[in-house]
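So the structure is just underneath, and the comments pick up after that.
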Number of protein chains: 2
Amino acid sequence: MNQKPAIAEIVDLLSRKWVMRIIWELRATPLTFRQLQSACGDLSPTVLNNRLKLLREARLTTNNPSQGYELTDMGRGLLDVYKPLNEWAIAWQAARTAPP
Amino acid sequence: MNQKPAIAEIVDLLSRKWVMRIIWELRATPLTFRQLQSACGDLSPTVLNNRLKLLREARLTTNNPSQGYELTDMGRGLLDVYKPLNEWAIAWQAARTAPP
DNA sequence: TTGGGTTGCTACACATAGAGTAGCAAGGTG
DNA sequence: CACCTTGCTACTCTATGTGTAGCAACCCAA
């Protein structure tokens, strides 16, 4: 019985709304549940809790009771992978704004 | 009046279900609507059409009537950016399968 | 010890996004 | 003309996400 490819699995996870945003908000420092909530523009606790559950299962975040939620090493690695996306995105937006 | 940051905009787009998959399926060769549909496991035309509309608006794909849908240069650039994700994903899955 | 403030989280009702199926109009081919 | 494929729309139903209220556990000061 085989799993689906790793890339498919992570793409599924990252395609859930708020997942990337949550990872991004944890980039610098651990945050408590409620800090995360307001960092994401008062994201509803229903969704936040659900995403945090997924992220913990994926071992991308942990919940250190004294510090709050924080990225694991894996989580930080993912963030690194996403860095080039930012540069691409800027070029993309510029090209889009330009005339056809 | 300012747009939201480029990175946020592309993350929003990529967070819609099937968007990455569609880009992926177009990686090698143009596909017709129906080829794309079956490449994505008989994705419903409702969603496929909607995603293709978004992707065309984002200038990541074009619809060449004689060849079908294909990636633009921008689209192919995005695919390049995603390549490191694949390697990360494999390491991630391995670590996840391993004991805590 | 009591009142206030956190904390993480659940319950529930409502809204939007996606899935599944049918089928149409346009075009090409025999 | 009959028959195929094309891209796509209409429709219904389910999954996913949103918004608000509020609870139990904890800490801290009076």
Side-chain angles (χ1 to χ4, degrees), chain A residues 4-5 7-72 75 100, chain B residues 4-5 7-72 75 100:
Chain A
K4 68 173 123 182
I7 182 74
E9 212 167 315
I10 193 67
V11 163
D12 275 5
L13 176 57
L14 298 178
S15 291
R16 306 300 292 279
K17 216 165 171 181
W18 296 108
V19 167
M20 274 312 301
R21 174 71 177 271
I22 291 169
I23 294 173
W24 174 250
E25 296 297 346
L26 292 176
R27 88 204 92 110
T29 165
L31 296 176
T32 66
F33 190 96
R34 275 167 137 106
Q35 283 172 329
L36 248 184
Q37 223 188 324
S38 73
C40 293
D42 287 320
L43 173 57
S44 81
T46 319
V47 177
L48 179 55
N49 185 41
N50 179 295
R51 290 308 112 91
L52 286 171
K53 196 178 296 179
L54 294 175
L55 286 168
R56 268 175 284 155
E57 284 167 7
R59 313 243 190 116
L60 297 177
T61 63
T62 51
N63 185 8
N64 180 328
S66 64
Q67 310 238 46
Y69 287 90
E70 61 186 335
L71 293 177
T72 62
Chain B
K4 68 173 124 181
I7 182 71
E9 213 168 315
I10 194 64
V11 164
D12 275 4
L13 176 58
L14 298 178
S15 291
R16 305 300 292 278
K17 218 167 172 180
W18 296 108
V19 167
M20 274 313 300
R21 173 71 176 270
I22 291 169
I23 294 174
W24 174 249
E25 296 297 346
L26 293 175
R27 87 206 94 109
T29 166
L31 297 175
T32 67
F33 191 95
R34 274 166 137 105
Q35 284 172 329
L36 247 185
Q37 222 188 323
S38 73
C40 295
D42 287 318
L43 173 58
S44 82
T46 320
V47 177
L48 180 54
N49 186 40
N50 178 295
R51 290 309 112 89
L52 286 171
K53 196 177 296 180
L54 294 175
L55 285 168
R56 268 175 285 154
E57 285 167 6
R59 313 244 191 114
L60 296 177
T61 64
T62 52
N63 185 9
N64 180 329
S66 64
Q67 310 239 46
Y69 287 90
E70 62 185 336
L71 293 177
T72 61

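Small disclaimer: the values here were computed from a predicted structure and weren't measured. Letters A, B, ... mirror the listed sequences (proteins, then strands); counts begin at 1.
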- request: Starting at atom CG of A/Asn49, determine the distance to atom C1' of C/dT7, rounded to an integer number of angstrom.
  value: 13 Å
field: Closest-nucleotide ordering on DNA chain D, the 5'-leading residue of B/Leu31 and B/Thr46
entry: B/Leu31
task: Using chain A heavy atoms and a threshold of under 4.0 Å, write down where along DNA chain D the contacts begin and end, 5' to 3'.
output: D/dT16 to D/dA21
- prompt: What's the CG-P distance between B/Asn50 and C/dG20, to the nearest Å?
  reply: 16 Å
- line: Between A/Tyr69 and A/Lys17, the residue closer to the 5' end of DNA chain C by nearest nucleotide is A/Tyr69
task: Round to a whole Å and report the spacing from CH2 of A/Trp18 to C1' of C/dT16.
output: 14 Å
task: Using whole Å, report how far CG of B/Leu48 lies from P of C/dA17.
output: 18 Å
query: Whole Å only: how far is the CG atom of B/Leu13 from the P atom of C/dA17?
result: 14 Å
task: If a pair satisfies side chain to side chain donor-acceptor pair (under 3.5 Å) and one of its residues is in residues 40-55 of chain B, list it, with sequence neighbours excluded.
output: none
message: I'd like to know if the side chain of A/Thr72 reaches the main chain of A/Leu60, judged simply by a donor and an acceptor atom lying under 3.5 Å from each other, with no hydrogens or angles considered.
response: yes
message: Please find the pair of heavy atoms, one from A/Leu13 and one from A/Ala58, that lie closest to each other, and give the distance.
response: CD2-CB, 3.8 Å
task: Output the distance between atom CG (A/Leu55) and atom CG (A/Asn63), rounded to the nearest 0.5 Å.
output: 12.0 Å
field: Of A/Arg16 and A/Pro45, the one whose closest DNA chain D nucleotide lies more 5'
entry: A/Arg16
message: Need one value for B/Thr32: base, sugar-phosphate or nothing, where a base atom within 4.0 Å counts as base even if backbone is also close, heavy atoms only.
response: sugar-phosphate
statement: note: B/Leu54, atom CG; C/dA17, atom P; distance rounded to Å ~ 11 Å
- request: Determine yes or no for a side-chain-to-main-chain donor-acceptor pair under 3.5 angstrom, with B/Thr61 supplying the side chain and B/Tyr69 the backbone.
  value: no
Side-chain donor-acceptor pairs under 3.5 Å in residues 17-36 of chain A, sequence neighbours left out?
from: A/Arg21; atom 1: NE; to: A/Glu25; atom 2: OE2; distance (Å): 2.7
from: A/Arg21; atom 1: NH2; to: A/Ala39; atom 2: O; distance (Å): 3.0
from: A/Arg27; atom 1: NE; to: A/Trp24; atom 2: O; distance (Å): 2.7
from: A/Thr32; atom 1: OG1; to: A/Gln35; atom 2: N; distance (Å): 3.1
from: A/Thr32; atom 1: OG1; to: A/Gln35; atom 2: OE1; distance (Å): 3.4
from: A/Gln35; atom 1: OE1; to: A/Thr32; atom 2: N; distance (Å): 2.8

query: Could you give the CG-to-P distance, from A/Leu36 to C/dT6, as a whole number of Å?
result: 18 Å
- request: Rounded to the nearest angstrom, tell me the gap between atom CG in B/Asp42 and atom P in C/dA22.
  value: 13 Å
